[in-house]
Amino acid sequence: MTDRRTSDANTPLACVVLAAGMGTRMVSRRPKVLHKVAGRPLIGWLMETLRTLSPDKIVVVAGPDSKEIESATGPGVRIAVQTERKGTADAVRAALPALKGFSGDVLIACGDAPFVDARTLRALADRRRETGAGIAVAAVDDGDPSGYGRMVLDDAGFLDRIVEDKDCTPTQKKIRLWNAGLYAVDGARLEGWIARIGNANAQGEFYLTDLPAIAAGDGAKTAVLTCRDADEFAGVNTREQLADVEKSMQKKLRRAAMAAGATLIDPKTVYLSWDTTIGRDSVIGPHVVFGPGVHVGEGVEILPFSHIEGARVEPGARIGPFARLRPGAHVGEGAHVGNFVEIKNATMGAGAKANHLAYIGDAQIGAKANIGAGVITCNYDGFDKHKTLIGAGAFVGSDVTLVAPVAVGDGAYVGAGSTITRDVPSDALVVARARPTVCEGWARTYREKKGKRKAS
Ligand code: UD1
Ligand code: CA
């Protein structure tokens, strides 16, 4: 009996994301989908893609310690817990209670594949409906199929079954068409089919890949969506694949940054995060690393070997070389942050400068203030963090230690080498250092005395 049910594009859509695997091959204590690519957990990439489909429901299957996965998936997601990791079909079984009463398309995807395109997912659901199939599976006829499930088709091009790499006969191993790990299933029939999956296979696991054969046995059509680009379906099973995926993702992000108008002098040495934004005509030198949460305005220059995370850089600013901007750094328009300057949770006003060797933490630096070489904000007393306020146009000389909480008024001067422990009024001069003692001729006399003793 063939399944003749058809549905239209308004069919309700539920997405199930399999994310409970520990990733044995990762040799990790963390769930695999929490390993990061371009600063974002693997699963976050897929979640963003799924949200563009506006599904009626998203169910994420996580392991028993699901708290971290919950925060990585974002809002509006049902977390289903798979208590024992007994395979991909068992993971889908764990999602079934969350799908109770749902009838429509169920898209099943793996949380370890970050490049999957929304268009592919939509095409997969369409293929199932258009062919009147009970299940449609995405397959790839590109790249190296080893390690993946092989698609065994019947003479009419429908899917007979999927055979896992470890269960393949030598002839089946030669099949080039491999399982991308994406499935569109008739929601009304999913539960019944899942219940019939056993674990008599090489790994003793409940394989989701047994679903097409069971559906076919039930008289349902089993469609295939053939995809040409293996890169889109690259999954992460090992640390080496994690590094490969990172490499491809960086390439993609660099390309996007350049397309948006930023110059990357040597793109392959610049590392971006998933959410890095760089304004037009900004120039990024070689070996610059962007952690998450960085927004760079237009016409900014970032010189080589700078490390930036959680920071906002306003237009026309100049950063580096060798600068470090940490979370909460906000560099104002046209401000300069030079070599070996570290800024954390601090604002540099417009046109302010800290050109060399400084630590600015928990501070507010006024517009056009000058921070000399070696200036340190002593923001931490071993228990709490304290604020340093430097007024607009203030001049803080070299090697000044600012013991927070402390404020230096607008236009004030702080003499080099001072340790400042109390507030300085606007336009004042403060010098807090020992006065030099000069003893004329002392050195000569000393040398002569020492010289005589050596000679005798
Ligand atoms: C799976 C497919 C394979 C396909 C490949 C595509 C199976 C049996 N095999 O293999 O045919 O070619 O994906 O990338 O499905 N997971 C759970 N609970 C479990 C086991 C796994 O939630 O008990 C999750 C994992 O976190 C992962 C996904 O399911 O996100 C896939 O599991 P994985 O072990 O990576 O399967 P593959 O060996 O890659
Ligand atoms: Ca995988």
Side-chain angles (χ1 to χ4, degrees), residues 15-26 28 30-35 41-47 50 59-66 68-69 72-73 79-96 108-116 120 135 137-152 159 161-168 172-173 175-183 185 194 197-213 224 227 230-242 244-245:
C15 297
V16 175
V17 179
L18 309 186
M22 268 312 282
T24 319
R25 290 161 282 180
M26 293 289 282
S28 174
R30 295 166 62 69
K32 177 168 69 178
V33 298
L34 291 178
H35 287 266
L42 265 172
I43 193 169
W45 293 97
L46 180 68
M47 295 310 294
L50 293 182
V59 185
V60 172
V61 182
D65 308 317
S66 60
E68 260 187 288
I69 292 197
T73 53
I79 302 282
V81 176
Q82 184 191 19
T83 25
E84 267 181 87
R85 296 168 173 101
K86 292 188 287 193
T88 43
D90 182 65
V92 173
R93 187 180 299 139
L96 292 174
I108 303 172
C110 300
D112 63 355
F115 294 113
V116 172
T120 306
I135 177 170
V137 183
V140 191
D141 69 351
D142 174 40
D144 178 9
S146 55
Y148 294 104
R150 303 300 205 289
M151 307 288 277
V152 182
L159 182 56
R161 65 208 147 102
I162 304 173
V163 186
E164 283 307 288
D165 188 73
K166 286 191 174 133
D167 299 289
C168 277
Q172 287 168 336
K173 278 227 179 205
I175 298 173
R176 310 284 315 158
L177 196 63
W178 53 272
N179 172 23
L182 301 170
Y183 316 80
V185 190
I194 288 285
I197 293 180
N199 64 348
N201 52 54
Q203 303 190 83
E205 282 186 7
F206 295 89
Y207 289 165
L208 183 59
T209 44
D210 285 349
L211 205 58
V224 175
C227 305
D231 293 345
E232 184 188 339
F233 307 98
V236 173
N237 295 326
T238 63
R239 303 264 180 181
E240 204 175 329
Q241 285 169 335
L242 182 68
D244 289 343
V245 162

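Indexing begins at 1, ligand by ligand and atom by atom, following the structure's order.
Side-chain contact between Y207 and N201 is present, with heavy atoms from C-beta onward closer than 4.5 Å. In this structure the side chain of T238 reaches within 4.5 angstrom of the side chain of R25, judged on heavy atoms. Side-chain contact between V137 and M151: present, with at least one pair of heavy atoms (C-beta onward) separated by less than 4.5 Å. A heavy-atom distance below 4.5 Å is not found between the side chains of N179 and F233. V61 is not listed as a side-chain neighbour of V92, based on a closest heavy-atom distance of 4.5 Å or more. The shortest side-chain heavy-atom distance between D112 and Q241 does not fall under the 4.5 Å cut-off.
Contacts of E164 with ligand 1, taken as heavy-atom pairs under 4.0 Å, involve the side chain alone. Only the side chain of N237 comes within 4.0 Å of ligand 1, judged by heavy-atom distances. Within the 4.0 Å heavy-atom criterion, both parts of A20, backbone and side chain, lie near ligand 1. Proximity of A19 to ligand 1, defined as any heavy-atom pair under 4.0 Å, is confined to the backbone N, CA, C and O atoms. Contacts with ligand 1 closer than 4.0 Å are made by no heavy atom of M26, backbone or side chain.
Remark: minimum distance from atom 17 (C) of ligand 1 to any protein heavy atom is reached at G21 N, 3.4 Å. In terms of protein heavy atoms, atom 4 (C) of ligand 1 is closest to N179 O, 3.3 Å. Counting protein heavy atoms only, atom 24 (C) of ligand 1 is closest to L18 CB, 3.7 Å. Annotation: atom 14 (O) of ligand 1 to nearest protein heavy atom, Y148 CE2, 3.7 Å. Here the protein heavy atom with the shortest distance to atom 36 (O) of ligand 1 is R25 NH2, 4.3 Å. Protein heavy atom nearest atom 21 (C) of ligand 1, with residue, atom name and distance: T88 CG2, 3.8 Å.
Distances below 4.0 Å separate heavy atoms of Q82 from the following atoms of ligand 1: 17 (C), 18 (N), 19 (C), 22 (O), 23 (O). Per-residue contacts place T209 under 4.0 angstrom from the following atoms of ligand 1 (heavy atoms of the residue considered): 7 (C), 8 (C), 9 (N), 11 (O), 15 (O). Ligand 1 places these atoms under 4.0 Å from at least one heavy atom of K32: 35 (O). In summary, the atoms of ligand 1 found under 4.0 Å from a heavy atom of G87, numbered by their order in the structure, are 18 (N), 19 (C), 20 (C), 23 (O). Each of the atoms 30 (O) of ligand 1 lies under 4.0 Å from some heavy atom of G111. For ligand 1, the atoms lying closer than 4.0 Å to a non-hydrogen atom of A91 are 17 (C), 18 (N), 22 (O). Less than 4.0 angstrom separates some heavy atom of C110 from each of these atoms of ligand 1: 28 (C), 30 (O), 31 (C).
At distances below 3.5 Å, at least one donor-acceptor pair connects side-chain atoms of K32 with backbone N or O atoms of V236. Put simply, the side chain of D142 gets close to the backbone of A230: a donor and an acceptor are under 3.5 Å apart. Of the possible polar contacts, none joining the R150 side chain to the R161 backbone as a donor-acceptor pair under 3.5 Å is found. Looking only at distances, a side-chain donor or acceptor of D167 sits under 3.5 Å from a matching main-chain atom of A202. A donor-acceptor pair under 3.5 Å links the side-chain atoms of T88 to the main chain of L208, judged by distance alone.
Ligand 1 is never approached by Q203 to a heavy-atom distance shorter than 4.0 Å. Judged by the shortest distance from any of its heavy atoms, D90 lies outside the 4.0 Å radius around the atoms of ligand 1. Residue contact check for ligand 1: G149 places a non-hydrogen atom closer than 4.0 Å to it.
Of all N/O/S atoms in D112, OD2 sits nearest the Ca ion (ligand 2).
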Starting from the C-alpha separation in whole Å, work towards a yes-or-no answer on salt bridge (charged side-chain N to carboxylate O under 4.0 Å, His left out) for R85 and D90.
-> CA-CA 7 Å; R85 296 168 173 101; D90 182 65; over 6 Å; no
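Ring geometry, Y148 versus W178: the interplanar angle falls under 30°, so the pair is classed parallel (tilted spans 30 to 60°).
Nearest heavy-atom pair, C110 versus L46, reported as atom, atom and distance to 0.1 Å: O-CD2, 3.5 Å.
Within a 4.0 Å radius of atom 12 (O) of ligand 1, the protein contributes at least one heavy atom. Distance remark: protein heavy atom not present below 4.0 angstrom from atom 1 (C) of ligand 1.
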